[in-house]
Protein chains: 2
Amino acid sequence: MITLTEENYIKAIYHLSKHGKEMVSTNALAEAMRTKASSATDMVKKLAEKNYVDYKKYQGAILTESGSTIAINVIRKHRLWEVFLVDKLHFSWDEVHELAEQLEHIKSQKLIDKLDAFLGHPTHDPHGDPIPDKHGDFTFIDKIMLAQAQVNETYNCVGVNDSSSKFLQYLNNNKIELGTKIEVLHKEAFDSSIKIKVNGLEMVVSNSVAQNLYIQKV
Amino acid sequence: MITLTEENYIKAIYHLSKHGKEMVSTNALAEAMRTKASSATDMVKKLAEKNYVDYKKYQGAILTESGSTIAINVIRKHRLWEVFLVDKLHFSWDEVHELAEQLEHIKSQKLIDKLDAFLGHPTHDPHGDPIPDKHGDFTFIDKIMLAQAQVNETYNCVGVNDSSSKFLQYLNNNKIELGTKIEVLHKEAFDSSIKIKVNGLEMVVSNSVAQNLYIQKV
DNA sequence: ATATATTTTTAGTCTGTTCTAAAAATATAT
DNA sequence: ATATATTTTTAGAACAGACTAAAAATATAT
């Protein structure tokens, strides 16, 4: 039986390794888990014993097939619960992450299947991240960062890179959400800021915003 | 911060003390928690330190005001989740208990408030047990056991005493659910079995069934 | 009331997860 | 390439929650 803590470490390793197949260092893992490197070492050894990661001393850890399956399943649960919280309970997209962190650990395949059906088999969560299906397959959206947009083109907002409350609240305040149309008017060479038109209103967004908003040509 | 285990012990004490204000013995608590008496002693001491119970050596434990509030809140969450699982995800009433045991520990007042609203502020769970409102108040139904019914009267099924899967599945098999009309035809003095008419069909239920089904005169 | 049985507590150990401090390995800089 | 800095591991301890075995308190039976 896998513990809650093990599940969280596996999820962190998955995210740090960028979709599964890159070595993750002990320090990076410790930082992600808000713990100390020594604790991360201990856990990584345990995960290696249980065959969820391959681990070589001083080299880092990488998920095995079975570790990957667990990670993807937790992510599936996390994102389905986020959809539930936003679509059904009317939470805003900046509130749901922490709650989903708790809900993702509920153990029941049947619950997740039924929740998935209840939500209409969504393919993306409220931040535009893909929801793996029950076989672990993702539907990736062909997206670019706003920073890479072309002037005089119109795009659809399809996701965020940074899904921190602060960034999402910034977007809320500026009435930008998934599906919002964004027309790119001008790219300022000096500071890489971008002038856009949203909901009929012109505004300028900084480069840090442009680096964290995903768009797709309409 | 209260741990998951503490919360479960507090809930067990609440149930064993029959709605809060009766001493609970260490052995009874240990049995309910499927653990050993020594573990129950340890936990009860810890709960006493945190002021969730009053505890006297060799006398047992009883919930304080603050312990009681916690217990009722966990029960509220448990029963709301059960309603969600049955009404929205279409689980059957014999499947939801274990899942609700997990979901009841999700920490978020806002989530529970929104879930409550989403479900239409239900007053009873799928087994007929009352759901405390956000102030901790219950709406008790004026119910009797089927064993106490009068012959030639018609009743409404309003709850169960035993909510084990086996009993609930027995009721499922016999098409008895909350709201089902039950006409009492005959009480057998010999074995206390009862002949009833349900959905137009006559059947005989044993005394153990009659002791576990709550009804209300229509 | 004394002996016996039962319940409850204590003492000491185990496991899981964390920590600190120090040692070992690796990486970086001149 | 040697010294220095950084990263990673080890060793040892802490805490929560469980266990076993034995001791202490309470209850029951004659």
Side-chain angles (χ1 to χ4, degrees), chain A residues 1-18 22-63 66-67 70-71 74 101-102 104-105 107, chain B residues 1-18 22-63 66-67 70-71 74 101-102 104-105 107:
Chain A
M1 184 84 280
I2 192 164
T3 70
L4 191 145
T5 313
E6 287 167 357
E7 226 170 60
N8 279 328
Y9 269 94
I10 288 173
K11 187 179 50 143
I13 294 169
Y14 181 88
H15 282 129
L16 290 169
S17 69
K18 300 287 164 202
E22 225 173 82
M23 279 282 183
V24 172
S25 79
T26 302
N27 254 13
L29 183 56
E31 199 197 349
M33 293 298 297
R34 287 135 167 269
T35 182
K36 296 299 156 71
S38 54
S39 307
T41 300
D42 287 348
M43 181 52 79
V44 152
K45 280 175 172 176
K46 195 163 71 130
L47 294 178
E49 233 159 65
K50 293 192 172 189
N51 239 296
Y52 298 135
V53 302
D54 290 328
Y55 165 63
K56 294 240 177 58
K57 270 193 195 179
Y58 297 100
Q59 304 296 120
I62 187 166
L63 290 177
S66 107
I70 287 168
V74 173
E101 290 282 302
Q102 295 183 60
E104 72 189 8
H105 299 292
K107 283 177 195 2
Chain B
M1 184 83 280
I2 192 163
T3 70
L4 191 146
T5 312
E6 286 167 356
E7 228 171 57
N8 279 329
Y9 269 94
I10 288 173
K11 187 178 50 145
I13 293 169
Y14 181 88
H15 282 129
L16 290 169
S17 69
K18 300 286 165 204
E22 225 172 82
M23 279 282 183
V24 172
S25 80
T26 303
N27 255 13
L29 182 55
E31 198 196 350
M33 292 299 296
R34 288 136 167 264
T35 182
K36 296 300 156 70
S38 53
S39 307
T41 300
D42 287 349
M43 181 52 79
V44 153
K45 280 176 172 175
K46 195 164 71 131
L47 294 178
E49 233 159 64
K50 293 192 172 188
N51 239 297
Y52 298 136
V53 303
D54 290 328
Y55 165 63
K56 292 241 176 58
K57 270 191 196 181
Y58 297 100
Q59 303 297 120
I62 187 167
L63 290 177
S66 108
I70 288 168
V74 173
E101 290 282 302
Q102 295 183 62
E104 72 189 8
H105 299 292
K107 285 180 197 355

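Excluded from the calculations below are hydrogen atoms, water molecules and symmetry mates; all remaining heavy atoms, backbone and side chain alike, are included. Proteins come first, then strands; the chains are lettered A, B, ... in the order of their sequence lines, and each starts at number 1.
Applying the 6.0 Å contact sphere to CD of Glu6(A) captures more than 12 heavy atoms from other residues, nucleotides or ligands. For CD of Glu7(A), the number of neighbouring non-hydrogen atoms (other residues, nucleotides, ligands) closer than 6.0 Å is greater than 12.
Distance check: Leu16(B) CG to Ile62(B) CD1 gives 12.5 Å after rounding to the nearest 0.5 Å.
Met23(B) places its CE atom 15 Å from the C1' atom of dT26(D), with the value rounded to the nearest Å. Met43(B) has its CE atom 14 Å from the P atom of dT9(C), to the nearest Å. Between the P atom of dT9(D) and the NZ atom of Lys45(A) lies a distance of 8 Å, rounded to the nearest Å. Rounded to whole Å, atom P of dT15(C) lies 21 Å from atom CG of Leu4(A). Nucleotide dA18(D) holds its P atom 9 Å from the CG atom of Asn8(B), rounded to whole Å.
For the side chain to side chain contact (heavy atoms under 4.5 Å, CB included) with Ile10(A), the lone residue among Thr5(A), Ile2(A), Val74(A) that qualifies is Ile2(A).
Nearest heavy atoms, Ser66(A) versus Tyr52(A): OG-CD2, 3.3 Å. Scanning both residues, Ser17(B) and Glu22(B), for their nearest heavy atoms gives CB-O, 3.1 Å. Summarising the geometry of Ala28(A) relative to Ser25(A), their closest heavy-atom pair is N-OG, 3.1 Å, with the distance given to 0.1 Å. Among all heavy-atom pairs drawn from Ile13(A) and Val24(A), the shortest one is O-CG2, 3.7 Å. Shortest non-hydrogen contact noted between Ala37(B) and Thr26(B) is O-CG2, 3.4 Å.
For the segment residues 27-41 of chain B, the set of residues with a heavy atom within less than 4.0 Å of an atom of DNA chain D comprises Thr35(B), Lys36(B), Ser38(B), Ser39(B), in numerical order. For the contact set between residues 51-60 of chain B and DNA chain D, defined by any heavy atom under 4.0 Å, the members are Tyr58(B).
Remark: Tyr9(B) is in phosphate contact with dA18(D), judged by side-chain N or O atoms under 4.0 Å from OP1 or OP2. Not one side-chain nitrogen or oxygen of Ser25(A) sits closer than 4.0 Å to the OP1 or OP2 atom of dT7(D).
A distance-only check finds a donor-acceptor pair linking the side chain of Gln102(B) to the backbone of Lys107(A) [under 3.5 Å].
Considering only heavy atoms from C-beta on, Tyr55(B) comes within 4.5 Å of Thr41(B) through its side chain.
Stem analysis of DNA chain C (Watson-Crick or G-U pairs, both distances under 3.5 Å, runs of at least three) returns C:1-30 with D:1-30.
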